[in-house]
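Report on the structure given below.
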Amino acid sequence: MTESTSPKIAPSDQPPETITTPGTYDPATLEPRWRQLWDNAGLDHADIDESREGRFVLTMLPYPSGDLHIGHWYAMVPGDARARYLRMRGYNVMFPMGFDAFGLPAENAAIKHNINPRTWTLSNVERMRDQLKTMGAMFDWRREMVSCEPEYYRWTQWFFLQLFKGEQAYRKYSPVDWCPSCNTTLAREQVVGDDRRCERCGTPVIKRELEQWFFRTTDYAEELLDFSSIDWPERVKVLQENWIGRSEGAHVVFRTEQGDELPVFTTRPDTLWGATFMVLAPEHPLVESLTTDAQRPAIEEYIEQATRQTDVQRESADREKTGVFTGSYALNPVTGERIPIWIADYVLMTYGSGAIMAVPAHDQRDFEFARQFGLEIRIVIHPAGEDPPSADQLEEAAIGKGVMVNSGPLTGTASDVALGEVLDYLERESIGERAVNYRLRDWLISRQRYWGAPIPIIHCPNCGAVPVPEEDLPVELPLEVDWQPTGESPLKLHPTWSKATCPECGDEGTRETDTMDTFMCSSWYHLRYLSPRYDQGPFDPAEYDYWMPVSTYTGGIEHATMHLIYTRYFHKACRDLGILQGDEPMAQLRNQGIILGEDSEKMSKSRGNVVAPDELVGEYGTDTVRAFLMFFARWEQGGPWSSGGIEGCSRWLRRTWNLLTGEPSQKAGDASPQRLKELRRKVHQTVESITRDYERFEFNTTISSMMELLNEMSRAREAGAEGSEEWREAVSYYLRLLAPAAPYVAEELWQRTEAFENWSPAHSVHHQLWPEYDPEAAAEDEITLVIQVNGKVRDRIAVRAEISREDAQRLALASEAVGRYLDGEPRKVIYVPGRLVNIVP
RNA sequence: GCGAAAGUGGCGAAAUUGGUAUACGCGCUAGAUUUAGGAUCUAGUCCCGGAAACGGGGUGGGGGUUCGAGUCCCCCCUUUCGCACCA
């Protein structure tokens with residue numbers, strides 16, 4: 001049985017294969033040979049097959065930075081093992097791979113090495129594709145997409161046009177970080193230091209307003225909060241909820257003394273009578289006209305320094321409040337009082353209306369501001385039955401509940417009804433109305449960059465922003481471009497590219513030179529996998545119907561709020577345009593943890609703790625690296641790498657090899673029926689637990705269960721199990737259970753033990769069915785009954801598994817050990833079938 | 001500050017979801033084997049006492065629920081992650 005006959009593994013167009021020497025596990029020759037055989041035979045191709053249920057298994061695509069990192073392996077290998085498991089369960093599994101190929105690093109490389117970003121990117125793609133192939137994953141490379149290829153971004157542009165026509169795209173002025181010396185926009189990572197300087201020339205960065213493109217993600221804020229139809233981690237749902245940031249309250253319209261409307265959003269309309277001043281964001285459009293001449297120098301200076309700061313700096317907590325009085329006043333709409341209007345950087349233009357009513361008695365920030373500048377504090381909510389203190393006595397804002405005081409007609413209203421009463425009052429008096437506000441902003445998709453998908457718009461002096469006709473797509477990036485060391489987009493500098501005729505009136509216009517955010521490319525890449533070369537649309541509807549939605553999506557938690565909100569928005573918006581079906585793109589999401597360096601620090605070149613997968617593959621082989629990545633930590637948690645730990649997985653696979661290729665034991669055939677039954681039990685118990693573990697993404701325990709089974713098989717072999725039907729089943733099951741984790745060695749040993757004459761995909765272990773689990777075979781016929789006295793273990797006795805309650809209790813009470821702790825009749829006896837008897841004295 | 005998750009041997013970690021705590025692996029100890037080894041095999045390895053049988057203790061700390069708690073509840077400590085002047 002274990003005698004290894006050399007299988008004739010040679011497809012017609014291959015030279016005869018050298019068979020590895022029996023007795024020696026040599027992944028370095030075995031793995032590439034199988035890879036080639038599989039690739040030649042198209043073993044991992046996934047095509048529509050109506051006889052089987054499809055499963056679209058997706059893992060987040062990499063950015064082609066140049067080298068595949070161990071983190072990529074950690075993200076992809078367990079997902080691959082699970083995809084392989086699903087395929088063996090009989091599903092038709094598609095597991096595609098591609099590259100998120102637009103982005104800033106390619107431009108940096110272009111400037112630094114005077115190389116076109118496309119050349120740089122595609123050579124990285126090629127390198128990483130080869131590295132990905134050593135991973136032993138079941139990627140169907142026919143379905144690969146590369147987002148920087150015109151055949152891909154043609155459809156990214158097409159989607160933009162659909163969203164534009166569906167009124168989801170619009171233009172507005174929005175600030176960017178700008179280097180006045182380089183004369184270019186800077187990305188966040190190009191602004192360095194606390195004093196915010198350009199990373200190239202060191203010039204202090206300023207804000208500049210540019211007209212940019214947005215998508216109306218806020219239209220979908222409410223629907224994006226609904227996760228009821230998807231199985232996503234709680235953690236991600238909470239992150240998205242916080243990101244969307246829904247709050248209920250009221251829009252209240254204040255008026256300036258000059259008569260301008262000054263709307264605010266408040267979650268506490270019940271404190272409206274205590275609004276003693278207003279604060280505007282320094283960027284607020286009314287600041288200019290509200291500023292009096294006397295205040296103008298101070299205001300201008302304040303705006304200057306406030307807008308130089310990052311949002312992060314402005315938002316950093318426990319900073320002393322700063323601000324300047326505009327010199328103007330507004331009228332409190334319920335009291336009619338004049339209240340001063342200030343500006344301060346703690347009010348953000350990007351949230352609400354960019355203006356607040358300040359209620360210093362009941363909001364901590366407003367309280368601190370009022371104390372800082374000597375503004376009036378008026379208590380309007382106070383616990384019933386007490387006299388309100390004077391405002392001077394307050395040490396902090398009173399944010400608690402109480403009864404409304406000093407609140408005109410609503411004085412005396414208790415806080416549990418106040419909100420509703422106040423809202424009714426405001427609506428009745430036409431002062432304000434109920435409103436929901438979101439933290440979520442519309443999605444800014446414009447980038448003043450070369451290396452992205454051009455926004456397919458022509459600006460015409462007569463017709464405005466006109467979409468490029470679909471038949472003219474793609475709007476291709478010019479390849480002959482000049483790079484300024486400043487990083488200014490070559491699209492703006494190009495002599496001819498931006499010249500275009502208006503599709504509507506035929507006059508001369510100019511192309512939009514902004515390109516799209518790369519999150520736009522990654523919002524729909526999963527759809528391109530369906531049919532990467534389809535040219536009648538972004539995807540073939542037949543493929544969509546068969547595969548979508550994505551059944552499992554895996555990737556890092558860091559994408560919880562950006563990519564994963566954008567792709568959900570994108571799907572929903574396209575659904576409403578009739579392009580897609582279903583409410584959600586990804587039915588199930590799971591996140592892997594982070595793999596750290598051996599020193600428990602984040603891996604980085606400067607720390608010198610980077611683990612290179614290529615080196616590991618050279619030393620141990622792909623199967624060992626895969627197994628260890630699955631084994632060493634809980635996948636969703638991650639943890640530090642251990643160079644010693646990988647030896648354990650290496651040993652395990654070598655022991656597997658030796659067990660199944662060695663000479664038969666001299667005791668073969670000696671095993672007792674009872675011993676063989678025990679072997680079979682362990683086999684079936686292992687099938688059960690590994691099946692459960694794959695369903696739950698608990699990859700570490702799939703490997704430890706395999707190790708346990710190997711240990712049991714070694715012992716059974718010593719006892720003479722070889723030659724039996726039970727042994728044959730154990731080997732067959734073992735190799736099929738091994739296949740998802742260690743695909744190469746499992747295939748090699750499968751061919752040997754099955755003794756096929758020739759290899760074909762139908763013979764591949766990867767096209768076998770997952771072992772059937774027989775609960776009867778897995779059931780223990782003898783169990784250890786634990787005898788407890790008062791919850792403490794006092795004895796253990798071996799009994800038949802089907803022992804009756806009466807017998808178990810009788811045996812327990814008869815136990816000598818129990819006698820030592822029990823004085824007289826027990827008060828109570830608890831029996832847990834198959835487990836224990838607990839005697840309460 | 002708010003939110004989420006976690007805390008178990010020397011280390012990475014298991015624990016069928018309330019029922020024998022520490023499976024599996026690393027490391028370590030002893031032995032076997034080998035020219036040698038960081039190779040392979042066997043045995044041992046939570047702590048204290050004991051030659052052993054056995055006894056006592058034990059899952060960050062404190063309380064609670066329960067016949068029974070690593071697991072559930074409350075309080076505290078620590079760590080990690082996310083969000084943060086959100087009106």
Side-chain angles (χ1 to χ4, degrees), chain A residues 233-239 241-243 245-247 249 252 264-268 271 275 278-279 281 311-312 314-319 321 344-348 350-359 362-366 368-369 437-439 557-558 560-561 593-594 627-628 631-634 636-649 651-652 654-655 658 685 688-689 692 698 700-711 714 783-796 817 820 826-841:
Chain A
E234 205 52 41
R235 197 160 51 134
V236 174
K237 292 193 264 186
V238 169
L239 284 169
E241 275 164 12
N242 292 343
W243 192 260
R246 181 184 201 274
S247 41
V252 180
V264 300
F265 173 75
T266 175
T267 54
R268 292 294 303 274
T271 64
M278 296 188 77
V279 188
D311 283 357
V312 177
R314 275 174 62 166
E315 292 171 3
S316 74
D318 51 68
R319 224 164 40 114
K321 292 281 177 291
D345 61 8
Y346 80 92
V347 176
L348 307 175
T350 51
Y351 184 79
S353 63
I356 61 160
M357 65 175 213
V359 186
H362 305 292
D363 180 280
Q364 186 59 24
R365 295 154 300 171
D366 298 345
E368 287 167 19
F369 193 82
N437 193 57
Y438 301 94
R439 202 185 79 101
I557 187 80
E558 68 273 16
T561 49
I594 296 174
F628 185 60
F631 177 70
F632 88 101
R634 205 183 310 165
E636 303 202 351
Q637 190 177 286
W641 178 258
S642 158
S643 53
I646 195 172
E647 296 285 350
C649 286
R651 250 170 242 166
W652 164 54
R654 248 176 299 153
R655 290 184 61 214
N658 294 339
Q685 287 175 342
E688 186 195 17
S689 67
R692 190 180 55 231
E698 289 169 3
N700 52 345
T701 43
T702 65
I703 304 297
S704 47
S705 298
M706 288 301 295
M707 289 171 170
E708 280 187 59
L709 178 55
L710 178 71
N711 292 342
S714 295
I783 55 159
T784 303
L785 191 67
V786 171
I787 315 295
Q788 296 181 335
V789 177
N790 224 3
K792 286 203 192 310
V793 179
R794 294 303 178 188
D795 202 359
R796 297 180 173 92
R820 268 180 270 146
R827 204 149 50 85
K828 197 170 173 185
V829 179
I830 286 137
Y831 173 61
V832 182
R835 291 198 185 276
L836 58 76
V837 177
N838 187 16
I839 297 160
V840 188

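Residue numbers start from 1 in every chain, and the chains themselves are labelled A, B, ... in the order their sequence lines are given, proteins ahead of strands.
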Same-atom distance (P) from B:U29 to B:G37, integer angstrom
15 Å
Go along nucleotides 24-34 of chain B 5' to 3' and tag each nucleotide: B for a protein heavy atom under 4.0 Å from its base, S when only backbone or sugar atoms are that close, - otherwise.
BSSS-------
Would you tell me whether A:Asn711 and A:Arg655 have side-chain atoms, one donor and one acceptor, within less than 3.5 Å of each other?
yes
Measure CZ/A:Arg439 against P/B:C83 and give the value in whole Å, please.
8 Å
Could you tell me whether B:G9 is syn or anti, where syn means a glycosidic angle within 90 degrees of zero?
syn
Look at the side-chain N and O atoms of A:Arg794 and state whether any lies under 4.0 Å from the OP1 or OP2 oxygen of B:C54.
no
How are the rings of A:Phe628 and A:Trp641 set relative to one another: parallel (under 30°), tilted (30 to 60°) or perpendicular (over 60°)?
perpendicular
Say we look at B:A52 and B:G62: how far apart would their C1' atoms be, to the nearest angstrom?
38 Å
Among B:A87, B:C54, B:G3, the nucleotide that comes nearest once only the side chain of A:Ser247 is considered:
B:A87
Could you give the CZ-to-P distance, from A:Arg796 to B:G19, as a whole number of Å?
16 Å
Report yes if a donor N or O on one partner sits less than 3.5 Å from an acceptor N or O on the other, where the partners are the side chain of A:Asn242 and the base of B:C83; otherwise report no.
no
Does A:Arg365 pair with A:Glu368 as a salt bridge, N-O distance under 4.0 Å?
no
Taking the side chain as every heavy atom from C-beta outward, state whether A:Val840 and A:Asn790 have any atom pair closer than 4.5 Å.
yes
Sticking with atom C1', work out how far B:G12 lies from B:U8, rounded to a whole angstrom.
12 Å
To the nearest 0.5 Å, atom OG of A:Ser247 lies from atom CZ of A:Arg439 at 10.5 Å
Given atom CZ of A:Phe632 and atom P of B:A23, what is their separation to the nearest angstrom?
21 Å
Stepwise side-chain contact (heavy atoms from CB on, under 4.5 Å) test for A:Asn437 and A:Tyr351:
CA-CA 9 Å; A:Asn437 193 57; A:Tyr351 184 79; 3.2 Å; yes
How long is the line joining CH2 of A:Trp243 and C1' of B:G82, in whole Å?
10 Å
Ring pair (Phe, Tyr, Trp, His ring centres under 6.0 Å) with A:Phe265: which residues, sequence neighbours excluded?
A:His251
Whole-Å distance, A:Glu558 CD to B:C81 C1', equals 12 Å
Write down the distance separating the C1' atoms in B:U65 and B:G82, rounded off to the nearest Å.
33 Å
Please report, rounded to the nearest Å, how far the P atom of B:G68 is from the CD1 atom of A:Ile839.
14 Å
For B:G3, does OP1 or OP2 lie under 4.0 Å from any side-chain N or O of A:Arg235?
no
How is A:Gly638 classified with respect to the nucleic acid when contacts are heavy atoms under 4.0 Å: base, sugar-phosphate, or nothing?
sugar-phosphate
Under 4.0 Å from OP1 or OP2 of B:A13: is there any side-chain N or O of A:Arg634 that close?
no
Measure from the side-chain heavy atoms of A:Lys792 and tell me the nearest of B:G57, B:A87, B:G82.
B:G57
Identify which nucleotide among B:G55, B:A39, B:U20 has an atom closest to any side-chain atom of A:Arg820, counting heavy atoms from C-beta outward.
B:G55
With rounding to whole Å, what would you report as the distance between B:G58 and B:G64 at their P atoms?
15 Å
Nearest to the side chain of A:Lys321 - B:C85, B:G19, B:G12?
B:C85
Interatomic distance, A:Ile703 atom CD1 to A:Phe632 atom CZ [nearest 0.5 angstrom]:
12.5 Å
Residue met sooner reading RNA chain B from 5', once A:Arg365 and A:Ala817 are mapped to nucleotides:
A:Ala817
Reckon A:Asn700 touches a base, only the sugar-phosphate, or nothing at all at heavy-atom distances under 4.0 Å?
sugar-phosphate
Checking B:A21, B:C67, B:G57 against the side chain of A:Val793 (C-beta onward), the nearest is B:A21
Where does B:U20 land, syn or anti, given syn is within 90° of 0?
anti
Starting at CZ of A:Arg827 and ending at P of B:C67, how long is that distance when rounded to a whole Å?
8 Å
How would RNA chain B look in dot-bracket form, 5' to 3', counting Watson-Crick and G-U wobble pairs with both distances under 3.5 Å and writing | for bases paired to another strand?
(((((((..(((......[....)))((((((.......))))))((((....))))..(((((..]....))))))))))))....
Would you kindly check whether a donor in the side chain of A:Arg835 faces an acceptor in the base of B:U16, or vice versa, at under 3.5 angstrom?
yes
Mapping A:Leu836 and A:Gln637 onto RNA chain B by nearest heavy atom, which one lands closer to the 5' end?
A:Gln637
Contact class for A:Val840 (heavy atom, under 4.0 Å): base, sugar-phosphate, or nothing?
sugar-phosphate
Determine the contact category for A:Val238: base if any of its heavy atoms lies under 4.0 Å from a base atom, sugar-phosphate if only primed atoms, P, OP1 or OP2 are that close, otherwise nothing.
sugar-phosphate
